[in-house]
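Only a predicted model underlies this, so the values are computations on that prediction, with no experimental measurement involved. In listed order, ligands and their atoms are each counted from 1. Start at 1 with the first residue, then count along the sequence.
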Amino acid sequence: MHILCFIFYYIFLLLFLYFYLILFKLSAGDLSEVIVPSQPVVSLVGEDVILPCHLDPVMNAFDMTVEWASPDLNPRFVLLWRQGEELETKKHSSFRGRTSVFIDELEKGNISLKLSKVKVSDEGGYKCFLPTLSKTSTVQLVVAVVQMTKNNNGVLLECESADWYPEPEMFWLDGEGNLLSAEPTETVRGPDGLYTVSSRVTVEKRHGRKFTCRVTQSKINQTREKHLTIPDHFFVVPNPRTHVAIGAVIGCAAIIFVVWKWRQKKFSK
Ligand SMILES: *[C@@H]1O[C@H](CO)[C@@H](O)[C@H](O)[C@H]1NC(C)=O
């Protein structure tokens, strides 16, 4: 009789543990949060960037549906992962071939998105959404720009980077990594408290053709860089308009000189 009691007792205990574990696992799942950085992710045009997103506590996301979407797009998907594969055809055409998840990381609850060859139009909010958990979080992507324009003294390079916090520093480097003396960095603080920095530098042919605009935030140890190469034609001297201007100046000078000489001759008589 006693033995039977023990057996029942153990069966009961095992069943209890079993259900307890199932319940615990489920509630642990419900408790998982979708974590994204609170600060915007900054990328320069043309770079590859990772939009971080992970589950905490860790849950295997490989078999879950993972949606990366941008509310402004139609269709809104930037990436759709379902039943262990990416549904490439579901995503917005401007992201085809440019987005991916790290497949080996999914089981570790890391559902970060890799976005390649960032465009200016990519700037905005990206939703990292898990329908199974009905949890969503938004990552902000900020795209910084570098421009080059020809001017009288050489080529004017301008670099701008928006939505930083705290205030970052901006530098220009030449191809050998030497610091260039640029005009003072302009800093603007928006109503949202975020900083936009921009910097301009004029370079000449002797500086070479490769340059880097570097934005660093020493406090959080973050550095972004944009490398650029000035195309050859930017350094080809005077454009046709300059030729006309130079021609006109020389022409005028010649006429003045001739008139002056003529007058001199006339009055010396
Ligand atoms: C997720 O994976 C990416 C790519 O390997 C990595 O850079 C990132 O640090 C990972 N995030 C976490 C939270 O492990």
Point to revise | For H54, atoms of ligand 1 separated by under 4.0 Å from a heavy atom | key: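 By the 4.0 Å cutoff, the relevant atoms are 13 (C).
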**Study point:** Sidechain-backbone polar pair: S112 side chain, C53 backbone, donor-acceptor under 3.5 Å
**Key:**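 Looks like yes, one N/O pair under 3.5 Å.
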Exercise for review: Mark the output for S112 as yes if a heavy-atom distance to ligand 1 is under 4.0 Å, and as no if none is.
Suggested key: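 So S112 counts as touching ligand 1.
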Check your understanding: Which value, rounded to the nearest 0.5 Å, describes the distance between W172 atom CH2 and L157 atom CG?
Key ->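 Result: 4.5 Å between the selected atoms.
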Exercise for review: Sort out for me which residue in E186, E160, E167 forms a side chain to side chain contact (heavy atoms under 4.5 Å, CB included) with T196.
Suggested key: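 In the set E186, E160, E167, the residue that makes a side chain to side chain contact (heavy atoms under 4.5 Å, CB included) with T196 is E160.
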Point to revise | Carboxylate-amine/guanidinium proximity below 4.0 Å for R82 and E85 | key: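 Answer for the salt bridge query: no.
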Review point. Which of the listed options, V101, I50, N110, holds the heavy atom that is closest to atom 1 (C) of ligand 1?
Key: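 Looking at heavy atoms only, N110 sits closest to atom 1 (C) of ligand 1.
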